[in-house]
Amino acid sequence: MLTLLSATPSPYARKNRIALLEKSIPFVLRSEIPWESSTQTPLYNPLEKLPVLLFDDGRPPLYESWLIQEWIVREYEGVGPRLMPQGWEEALAARRVQVVADGGCDAMGLAFFETSRGELQSSEWLARQLRKVQGAIRAMDGFVKARRRGSDFLIGDELSIADIAAGAMLGMMDMVESQFGLVQWSEEFPELRKWWEWLEERESFRETRPVMFELSEKVA
Ligand SMILES: N[C@@H](CCC(=O)N[C@@H](CS)C(=O)NCC(=O)O)C(=O)O
C-alpha cells in the first residue's frame, strides 16, 4: 500500500492526491504540519518538504510533487486516465504549465511567510514574490484562453497534469484571497475563474479542497 505524506492546505500534495484518485489507486493519506517540530517529514525528505510518497516494500521515499506525478503516470500507465499527453510537444507543454503553477505556489508560500516577519519584513522581497504570483496567474489565464478549440482541458482533449497543477494553484490562490487577502485574481481574470470553478466540480477536486491549519510554532 502507498502512503502519501500530505498537508491539508498543500497545493503540491493535492496534485498527487488528485492523480491517485483519478487513477483509482488506493493509498493512505497521512496529514502533517511540515513546519512544526513534531513532523515526520525530515525522516523521509532531507529537504523537509511535503508531499512524500512512501512505499511498504523497501523502496526509498519519493518526494517533490512533479516527480511523484511522473511516477504515477509511468507506473500506472494503463490504469484510468493517462494524465500525460502522448506526443512530446504536448507533454512538454503540460509540464510547462505545471512549472508555472508550482512556481506560483512557491512564490505565494514565500510571500505568506514574509508577512509573518513583523518589522523584519522586506517590502521589496514581498513585492517581488507577489509579482511572481500575479505573473503565474496571468500566464494561467493565457493557457486557458489558448486551449484547443472545443476542448475544456489545457492541453489536448483530456485531463492532464497541467489541469491538475493549474487547478491546485488556483485553489491555493482562492484560499489565500478569501482568508488573507494577499492576492486578488477573481475579478481581473473572470474566464480563468470560470474554468477553475468548472474544474473544482470534478470529484477528485471536490474531495481534495484545501483546508488551512493554524501554525503554533514560529516559522520565519
Ligand atoms: N517543490 C516542492 C514544494 C513542496 C512544499 O513547499 N511543500 C510545503 C507544504 S505545502 C512544505 O512541506 N514546506 C515545508 C518547508 O518548506 O520547510 C514540491 O513540489 O513538492
Side-chain angles (χ1 to χ4, degrees), residues 1-85 91 94-95 97-110 112-113 159-172 175 199-200 202-220:
M1 180 64 99
L2 299 169
T3 299
L4 187 72
L5 280 196
S6 173
T8 56
S10 172
Y12 311 100
R14 190 181 184 202
K15 291 190 307 174
N16 301 144
R17 291 167 65 194
I18 291 171
L20 290 165
L21 287 170
E22 286 286 341
K23 282 182 168 286
S24 304
I25 302 164
F27 68 103
V28 174
L29 183 67
R30 221 168 96 189
S31 291
E32 294 242 337
I33 303 184
W35 292 280
E36 305 231 311
S37 40
S38 58
T39 180
Q40 302 282 297
T41 313
L43 294 178
Y44 306 109
N45 179 356
L47 304 174
E48 306 194 8
K49 290 182 183 188
L50 297 169
V52 179
L53 190 62
L54 302 173
F55 303 94
D56 61 6
D57 59 4
R59 275 180 286 178
L62 200 57
Y63 32 79
E64 198 54 44
S65 60
W66 70 262
L67 191 58
I68 298 174
Q69 292 299 69
E70 298 279 327
W71 183 85
I72 294 169
V73 164
R74 183 75 181 261
E75 190 79 10
Y76 295 91
E77 204 172 349
V79 181
R82 268 196 303 268
L83 301 182
M84 183 69 83
R95 290 184 176 103
V97 172
Q98 179 169 241
V99 167
V100 175
D102 289 356
C105 295
D106 293 345
M108 180 49 88
L110 290 173
F112 176 80
F113 282 114
L159 181 81
S160 76
I161 58 157
D163 306 289
I164 296 175
M169 180 194 93
L170 294 169
M172 178 197 210
M175 184 176 68
L199 198 60
E200 282 289 344
R202 228 180 144 87
E203 200 180 336
S204 59
F205 279 77
R206 271 195 278 123
E207 276 186 39
T208 56
R209 294 216 169 120
V211 179
M212 195 55 198
F213 46 46
E214 287 288 320
L215 290 175
S216 62
E217 294 175 24
K218 186 171 175 338
V219 178

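Not measured: the values here are computed from a predicted model.
The two atoms that bring E22 and P81 nearest to each other are O-CD, 3.3 Å, heavy atoms only. Closest approach of A94 to I161, counting heavy atoms only: CB-CG1, 4.0 Å. Summarising the geometry of P51 relative to I68, their closest heavy-atom pair is O-CD1, 3.8 Å, with the distance given to 0.1 Å. The shortest non-hydrogen separation linking R14 to P210 is NH1-CD, 3.8 Å. Taking every heavy atom of both residues into account, K15 and D102 meet most closely at NZ-OD2, 2.8 Å. Counting all heavy atoms, side chain and backbone alike, Y63 lies closest to P46 at OH-CD, 3.4 Å.
For the side-chain contact (heavy atoms from CB on, under 4.5 Å) test with V52, the passing option among L4, N45, L43 is N45; the others fail.
Note: S204 OG to L199 CG = 7.5 Å, rounded to the nearest 0.5 Å. The distance from the CZ atom of R17 to the OG atom of S65 is 13.0 Å, given to the nearest 0.5 Å. Note that the OG1 atom of T208 and the CG atom of L29 stand 10.0 Å from one another [nearest 0.5 Å]. Between the CG atom in N16 and the CG atom in L5 there is a gap of 11.0 Å [rounded to 0.5 Å]. Residue E200 holds its CD atom at 5.0 Å from CZ of R209, rounded to the nearest 0.5 Å. The OG1 atom of T8 sits 8.0 Å away from atom CE of M212, with the distance rounded to the nearest 0.5 Å.
By the 6.0 Å contact criterion, CD on E217 is enclosed, its count of non-hydrogen atoms from other residues, nucleotides or ligands being greater than 12. Counting heavy atoms of neighbouring residues, nucleotides and ligands inside a 6.0 Å radius, atom CD of E36 exceeds 12 of them. For R74, the CZ atom counts as loosely surrounded, since its 6.0 Å shell holds 12 or fewer non-hydrogen atoms of other residues, nucleotides or ligands.
Between R202 and D163 there is no salt bridge, since none of the side-chain N atoms of the basic residue sits less than 4.0 Å from a carboxylate O of the acidic one.
Looking at heavy atoms from C-beta onward, K49 lies out of side-chain contact with P34 at the 4.5 angstrom threshold. With contacts defined as side-chain heavy-atom distances shorter than 4.5 Å, the pair M169/C105 qualifies. Residues E70 and R95 form a side-chain contact, since some pair of their non-hydrogen atoms from C-beta on lies under 4.5 Å apart. A 4.5 Å side-chain heavy-atom check between I33 and T39 finds every atom pair outside the cut-off. By the 4.5 Å heavy-atom criterion applied to side chains, L215 and F213 are counted as neighbours. In this structure the side chain of L21 never reaches within 4.5 angstrom of the side chain of E203, judged on heavy atoms. Using a 4.5 Å cut-off on side-chain heavy atoms (C-beta onward), I164 and Q69 make contact.
Ring geometry, W35 versus F113: the interplanar angle falls from 30° to 60°, so the pair is classed tilted.
With hydrogens and angles ignored, the 3.5 Å screen pairs no side-chain donor or acceptor of K23 with any backbone N or O of I72.
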*Could you walk me through whether I25 and L2 pass the side chain to side chain contact (heavy atoms under 4.5 Å, CB included) test, one step at a time?*
CA-CA 9 Å; I25 302 164; L2 299 169; 3.8 Å; yes
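Side chains of R30 and T3: a donor-acceptor N/O pair is absent below 3.5 angstrom, by distance only.
Outside the 6.0 Å centre-distance limit, the rings of Y12 and W66 are not counted as a close aromatic pair.
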